Amino acid sequence: MTSLTLQAPAKINLTLDILKRREDGFHELCMVMQSVSLCDRIRLDFGSPGGIRAESGLRFLPNDKSNLAVAAALAFRQATGGTWRDLLISLQKRIPVCAGTAGGSSDAAAVLRGLNQLTGAGLSPQELARIGEAVGSDVPYCVLGTTALAQGRGERLTPLPSLPPCWIVLCKPLFSLSTPALYRAWDKARPKLRPDTQGLIQGLEQGDLVAVARRLFNVFEHTLSPRQRREIEGLKNTLVQAGALGCAMSGSGPTVFGLFDQESAAQEAVALLKESYPETFLTRPLVSPEEISV
C-alpha cells in the first residue's frame with residue numbers, strides 16, 4: 001500500500017486553566033479536551049516526486065515543514081529511521097484555521113497514524129504521541145483523542161469518561177487571535193476566575209451533561225480586548241437563547257461552542273448563526289479510539 005486516506009478530528013476545550021508560567025518560558029496548563037466529529041480529510045501518497053510536502057489549495061497555509069503535517073512526517077521518519085524521501089500530504093480542510101480547535105495539530109496526528117500504518121512501523125498510540133510532542137503541544141492529545149485531562153504543556157494525558165451524548169455547535173467569529181499575545185495578557189493580568197475542572201470531571205464520571213455544561217470555562221476569555229470579549233459573549237448569549245446548556249471559547253480561540261441536548265435546537269442555532277458567521281458547524285463528541293483512528 002502506497003496511499004491512505006483518513007480523518008483528522010477537531011477538538012474543543014471543555015475547560016482551559018493556566019496554572020503558572022514555567023521556567024522554560026512555556027505555561028503549565030490543566031485542560032479537559034474533547035474530540036468532535038468535524039474533521040479534515042488527509043491523504044498520504046508515497047512516491048510522488050517532490051520531497052515531503054503538503055498541499056491544501058489554501059494560499060495562506062504553508063506547504064513546507066512550517067506546516068505541522070509536514071513536521072509530523074519528518075519527525076516520524078527520524079524517529080523510525082525511515083529512508084523514504086517523497087511524500088505528498090493532501091489536506092482537505094473543514095476545521096477552521098487558527099481557531100482554537102486544533103486543526104493543524106489534528107492533521108499532524110493523522111499523518112503520524114497514517115505513516116505508522118503505511119510503513120508497518122507498528123508503533124503504539126502512546127509511542128506516536130511521544131513523537132508528536134516535538135511537533136506541537138496539542139499533537140499528543142490529537143493522536144489519542146476522545147475525552148482526556150491534559151496537563152503540563154498538554155502532553156501529560158489522562159483518559160476520562162466520555163462526554164454524554166449531545167450535539168455541539170461550533171462558531172468561529174470573524175476575527176483571529178494571537179496565542180502568544182493571549183499568554184502575554186494572562187501573564188500581565190493573572191485573572192482570578194478559574195474553571196472548576198474537578199467538578200466537570202465529576203460530571204463526566206456521573207454522565208451528567210448538565211453538570212458538565214455548567215462548568216465549561218476558558219481563562220483566555222478574560223484576557224481578550226473589550227471588543228473581542230463583547231463578540232464572544234454575544235455568541236454565547238445567542239447559543240444559550242437557542243437552547244445551549246453551556247458555552248465557552250475553545251483553546252486560544254476565537255471559536256465558541258455550545259452543548260445541546262436537543263438536536264433540533266442545535267440545528268436551529270446553526271441556521272441562525274450561519275447568517276452572520278459562515279464557519280458555523282453542527283457536530284457531536286467522539287467517544288471511542290476507533291472513531292479517532294478512521
Side-chain angles (χ1 to χ4, degrees), residues 1-11 24-26 35 38-145 153-155 157 172 176 178-180 251-252 279 289 291-294:
M1 182 168 56
T2 60
S3 65
L4 180 66
T5 300
L6 61 165
Q7 306 279 9
K11 65 84 184 169
D24 61 7
F26 292 98
S35 303
L38 176 65
C39 295
D40 290 345
R41 183 179 292 271
I42 313 295
R43 179 180 171 88
L44 305 178
D45 287 289
F46 268 132
S48 178
I52 300 174
R53 77 276 189 205
E55 65 175 20
S56 66
L58 301 176
R59 294 182 179 179
F60 54 83
L61 280 186
N63 296 326
D64 58 12
K65 63 183 178 181
S66 57
N67 185 309
L68 292 184
V70 176
L74 292 169
F76 181 90
R77 186 179 66 175
Q78 180 177 4
T80 58
T83 58
W84 41 272
R85 294 180 177 273
D86 295 315
L87 174 69
L88 175 60
I89 305 168
S90 301
L91 307 174
Q92 184 179 347
K93 297 292 294 180
R94 289 192 68 232
I95 303 171
V97 176
C98 298
T101 48
S105 296
S106 189
D107 293 346
V111 168
L112 293 174
R113 291 194 303 269
L115 288 175
N116 193 42
Q117 184 174 342
L118 282 173
T119 64
L123 300 182
S124 68
Q126 291 72 25
E127 289 171 320
L128 293 176
R130 283 195 290 273
I131 296 173
E133 287 183 31
V135 180
S137 296
D138 282 343
V139 177
Y141 166 76
C142 290
V143 169
L144 303 172
R153 290 175 54 191
E155 80 285 0
L157 300 167
K172 183 187 177 186
S176 297
S178 164
T179 301
S252 56
E279 290 188 291
E291 290 182 294
I292 303 298
S293 60
V294 171

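One is the number of the first residue; the rest follow in order along the sequence. Values in this document were obtained by computation on a predicted structure and should not be read as measured data.
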(message) Working note: V139 + L112, criterion side-chain contact (heavy atoms from CB on, under 4.5 Å); need CA distance, chi angles, decisive distance, verdict.
(response) CA-CA 10 Å; V139 177; L112 293 174; 4.0 Å; yes
Does the [X] side chain pair with the main chain of [Y], one donor and one acceptor, at a distance under 3.5 Å?
| X | Y | answer |
| --- | --- | --- |
| S106 | C142 | no |
| N63 | R53 | no |
| E155 | R153 | yes |
| K11 | G100 | yes |

(message) N116: which residues meet the side-chain hydrogen bond (donor to acceptor under 3.5 Å, both in side chains) condition with it, sequence neighbours left out?
(response) none
For [X] and [Y], work out which heavy atoms get closest and say how close.
| X | Y | answer |
| --- | --- | --- |
| G51 | D86 | N-OD1, 2.8 Å |
| P96 | K172 | CB-CD, 3.8 Å |
| D138 | S105 | CB-OG, 3.4 Å |
| A75 | V135 | CB-CG2, 3.9 Å |
| A129 | P140 | O-CG, 3.5 Å |

Side chain to side chain, [X] and [Y], heavy atoms closer than 4.5 Å:
| X | Y | result |
| --- | --- | --- |
| F46 | L115 | yes |
| I52 | R77 | yes |
| L91 | I42 | yes |
| P62 | V70 | no |
| T119 | T80 | no |

(request) Give me the one residue out of D107, V97, L61, I89 that meets side chain to side chain contact (heavy atoms under 4.5 Å, CB included) with S56. (result)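 Exactly one option meets the side chain to side chain contact (heavy atoms under 4.5 Å, CB included) with S56, and it is L61.
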Output the distance between atom [atom1] ([X]) and atom [atom2] ([Y]), rounded to the nearest 0.5 Å.
| X | Y | atom1 | atom2 | result |
| --- | --- | --- | --- | --- |
| L157 | Q126 | CG | CD | 9.5 Å |
| R113 | Q7 | CZ | CD | 10.0 Å |
| R43 | L6 | CZ | CG | 11.0 Å |
| E133 | L128 | CD | CG | 12.0 Å |
| K93 | I95 | NZ | CD1 | 5.5 Å |
| L44 | L4 | CG | CG | 6.0 Å |

(request) List the steps and the verdict of side-chain contact (heavy atoms from CB on, under 4.5 Å) for L123 and I131. (result) CA-CA 10 Å; L123 300 182; I131 296 173; 3.7 Å; yes
(request) Could you tell me how the ring of W84 sits relative to the ring of F76: parallel (under 30°), tilted (30 to 60°) or perpendicular (over 60°)? (result) tilted
